[in-house]
Amino acid sequence: MYGLWKPRVLGAWKVPATGPAILAVNHSHNIDGPMVMGVAPRPTHFLIKKEAFVGPLDPFLLGIGQLKVDRSVADRTAITQALDVLSAGGVLGIFPEGTRGEGDFASLRAGLAYFAVRSGAPVVPVAVLGSSERRGRLMKGLPPLRSRIDVVFGDPFEAVEGARSSYTGGGGRRAGGSGRRTRKALDEATERIQKQLTTHLENARRLTGRRATLSN
């Protein structure tokens, strides 16, 4: 990522140094996931649609710990693998909008809330800005080479308002969710998460001077 573009990373210190965490990333371009993987302060295991695991990318993505998910069904294998990442104190990366779009967190699926409530891991909002503003001349499917892309990490927050923190000190925390996984609880968590992510995106745009991204 640093060789092809010029990432500017802000707030990486806000990612908990140890213990489980969920990076919630906006998604307006296919480069967003690899960019976050490349600049995040900790190894990140993303849930990635199975269609991306083709040819040599399949063993490569699996080899670096990425998780294959079938979006057409309730993929229990992917769900279990993602929860295992968090229970082991790792970092899970999720595109909460479910698919590439405007990248404005306007339409969130319940998956992020489920993992956050089930695991008790804090959610860290991540805004990737600049990946969709212009197309490259040599490779039109990618941002211009050596262009600046901003990655802004926000403050961790709990998916369930008022949930008792499981932080253990020293930047770490132990896993352990609230256990409330009813539809009402997940809907409330999704609404809270969306507000937090939208606020972070607005703050990130002001901080970086970026306008709203363009659709591809």
Side-chain angles (χ1 to χ4, degrees), residues 9-27 32-33 35-48 65-67 69 78-98 103-105 108-129 150-182 184-204 207:
V9 183
L10 304 174
W13 57 271
K14 296 180 180 180
V15 178
T18 60
I22 301 173
L23 303 186
V25 186
N26 68 322
H27 194 22
D32 297 338
M35 182 61 66
V36 174
M37 291 179 207
V39 305
R42 295 175 59 188
T44 304
H45 306 267
F46 266 90
L47 279 167
I48 301 174
Q66 305 313 305
L67 310 177
V69 59
I79 292 171
T80 299
Q81 290 176 337
L83 291 173
D84 286 345
V85 166
L86 295 171
S87 65
V91 178
L92 180 67
I94 293 181
F95 299 115
E97 296 160 292
D104 56 3
F105 295 124
L108 264 62
R109 298 188 178 185
L112 172 55
Y114 173 83
F115 288 118
V117 172
R118 175 75 181 268
S119 69
V123 178
V124 180
V126 185
V128 181
L129 304 173
D150 293 321
V151 182
V152 186
F153 294 87
D155 294 316
F157 65 90
E158 302 287 342
V160 179
E161 188 171 9
R164 186 173 62 181
S165 174
S166 299
Y167 282 99
T168 59
R173 65 178 287 138
R174 61 183 183 273
S178 67
R180 294 180 62 242
R181 298 189 294 276
T182 64
K184 181 180 179 181
L186 292 178
D187 287 346
E188 291 174 350
T190 298
E191 183 178 357
R192 172 174 167 77
I193 289 170
Q194 186 171 33
K195 289 180 180 178
Q196 295 277 358
L197 298 185
T198 301
T199 298
H200 171 67
L201 182 60
E202 293 171 352
N203 291 337
L207 181 65

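Index from 1, following the sequence. As the structure is a computational prediction, the values presented were derived from the model and not from experiment.
No side-chain heavy atom of Val124 sits less than 4.5 Å from a side-chain heavy atom of Lys14. Using a 4.5 Å heavy-atom threshold, the side chains of Leu23 and Ile94 count as separate. Annotation: side chain of Phe115 is in contact with side chain of Leu47 (closest heavy-atom distance under 4.5 Å). Here the side chains of Val36 and Phe46 are in contact, with some heavy-atom distance below 4.5 Å. Between Ile193 and Leu112 the shortest side-chain heavy-atom distance falls below 4.5 Å.
The distance from the CD atom of Gln81 to the CG atom of Leu83 is 10.5 Å, given to the nearest 0.5 Å. Separating the NZ atom in Lys184 from the CD atom in Glu188 is a distance of 5.5 Å, to the nearest 0.5 Å. Expressed to the nearest 0.5 Å, how far CD of Gln194 lies from OG1 of Thr199 amounts to 10.5 Å.
The two residues Pro43 and Val91 come nearest to each other via the heavy atoms O-CB, 3.5 Å. Here the closest non-hydrogen pair linking Phe157 and Pro125 is CE2-CD, 3.9 Å. Here the closest non-hydrogen pair linking Val15 and Arg42 is CG1-CD, 4.3 Å. What you find for Val126 and Phe153 is that their closest heavy atoms are CG2-CD2, 3.6 Å. Closest of all the heavy-atom pairs between Ala189 and Val117 is CB-CG2, 3.8 Å. The two atoms that bring Ala159 and Ala116 nearest to each other are CB-CB, 3.5 Å, heavy atoms only.
In terms of modelled atom types and a separation under 3.5 Å, the side chain of Thr18 and the main chain of Pro16 share no donor-acceptor contact. Between the side chain of Arg192 and the main chain of Asp187, no donor-acceptor pair closer than 3.5 Å is present. For the pair Gln66 (side chain) and His45 (backbone), a donor-acceptor distance under 3.5 Å is absent. Without hydrogens or angle criteria, Arg118 side chain to Ala113 main chain gives no donor-acceptor distance under 3.5 Å. The closest donor-acceptor contact from the side chain of Asp150 to the backbone of Val128 lies at 3.5 Å or more, if one exists at all.
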Derivation of the side-chain contact (heavy atoms from CB on, under 4.5 Å) call for Val69 and Ile48: CA-CA 6 Å; Val69 59; Ile48 301 174; 5.7 Å; no
side-chain contact (heavy atoms from CB on, under 4.5 Å) evaluation trace for Leu129 with Leu201: CA-CA 9 Å; Leu129 304 173; Leu201 182 60; 3.8 Å; yes
Working for side-chain contact (heavy atoms from CB on, under 4.5 Å), residues Leu67 and Leu92: CA-CA 9 Å; Leu67 310 177; Leu92 180 67; 3.9 Å; yes
